[in-house]
Number of protein chains: 2
Amino acid sequence: MADRPLPDGALDLVATRFKIMSEPLRLRLLQLLQHGERSVGELTELCSTSQPNVSKHLKILQTGGLVTRQQKGNTVYYAIADQSIFTLCELVCSSIEERLKTQAQVFSTT
Amino acid sequence: MADRPLPDGALDLVATRFKIMSEPLRLRLLQLLQHGERSVGELTELCSTSQPNVSKHLKILQTGGLVTRQQKGNTVYYAIADQSIFTLCELVCSSIEERLKTQAQVFSTT
DNA sequence: GACAAATATAACTATGTCGGCATATACTGA
DNA sequence: TCAGTATATGCCGACATAGTTATATTTGTC
């Protein structure tokens, strides 16, 4: 609720965070990790895309601090690093839902 | 708090919203509109970029439903359509802040 | 050490996006 | 109607990004 404008350099940081979350596959990965860590192999199976592609996106998520990486023996497990991610998604979902409802009403002029 | 996963097609919609908010200039425009409508000319002056560029980004914001457009005579006023935008930004800011603090602690091993 | 499995990286292509410039459109007033 | 102002659009070049394929790297097993 603080009314301070975003600090000057902060705009870029915030934009970067949003950009990381602006790819459907990355959102899907986050969603798959929501209830616990998963290996790259598991994620690849669940995403119907190539393993290199999954690795690349996981790296982006990790670099952005959204996900943590832990190696156990031969396999690597990724996990959510920041639960606020899901709050963001819920907020956006609600906003979109409301907008679509409003748009829909335009057509139901009884 | 609902624990339902995002509906299937929703991922793309959410990603699209995040993508719209992933450009510094667009965030800047939203910030400038936070306390009331502004004309394209005003926004252009405050953004140190070209007027066509501002118009283009405003169109993207409008198409995404983040901003409304109202024409009064010769000038066009844009305004925030969805206040939840700022909640998103604050959440991201807090998250980044916390992460940076954590990273900073690594260096202060007294 | 040799092999197999899991993950990461590199090189490439195709597509998307930003910003600038020129220009078109819309409105106002004389 | 003509000039002037405000905004939008089209085109272009530079650059970033997603996905694929091939390959490298790491780890565990024999």
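All heavy atoms count here, side chains included; hydrogens, waters and symmetry mates do not. None of the values given here were measured: they were computed from a predicted structure. Below, chain A is the first sequence line, B the second, and so on; all start at residue 1.
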Practice task
With heavy atoms under 4.0 Å as the rule, sort A:Y78 into base, sugar-phosphate or nothing.
Solution key: sugar-phosphate

Roughly how many Å is it from [atom1] in [X] to [atom2] in [N], rounded to a whole number?
X	N	atom1	atom2	result
B:L43	D:dA6	CG	P	14 Å
A:R69	C:dT9	CZ	P	8 Å
B:M21	C:dC18	CE	P	15 Å
B:K59	C:dG19	NZ	P	17 Å
B:L27	C:dC18	CG	P	12 Å
A:K19	C:dC18	NZ	P	8 Å
A:Q62	C:dA8	CD	P	9 Å
A:L58	C:dT9	CG	P	11 Å

Handout entry: NZ/NE/NH1/NH2 to OD/OE distance under 4.0 Å, A:K19 and B:E23
Key = yes

Handout entry: B/S/- contact track for nucleotides 18-30 of chain D, protein heavy atom under 4.0 Å
Key = SBBBB---BBS--

Problem - Modelled atom types, side-chain donor and acceptor of A:E98 and A:T102, under 3.5 Å - result: no

Handout entry: Any pair counted as salt bridge (charged side-chain N to carboxylate O under 4.0 Å, His left out), so long as it reaches residues 30-47 of chain A, sequence neighbours left out
Key = A:E37-A:K72

Problem - Donor-acceptor contact present, side-chain A:T63 to main-chain A:K59, <3.5 Å - result: yes

Fill in the blank from the handout: Across all chains, not counting sequence neighbours, the ring-ring contact (aromatic ring centres under 6.0 Å, His included) partners of B:F18 are A:F18

Problem - Pairwise side-chain contact, A:E97 with A:L100, heavy-atom cut-off 4.5 Å (strictly under) - result: no

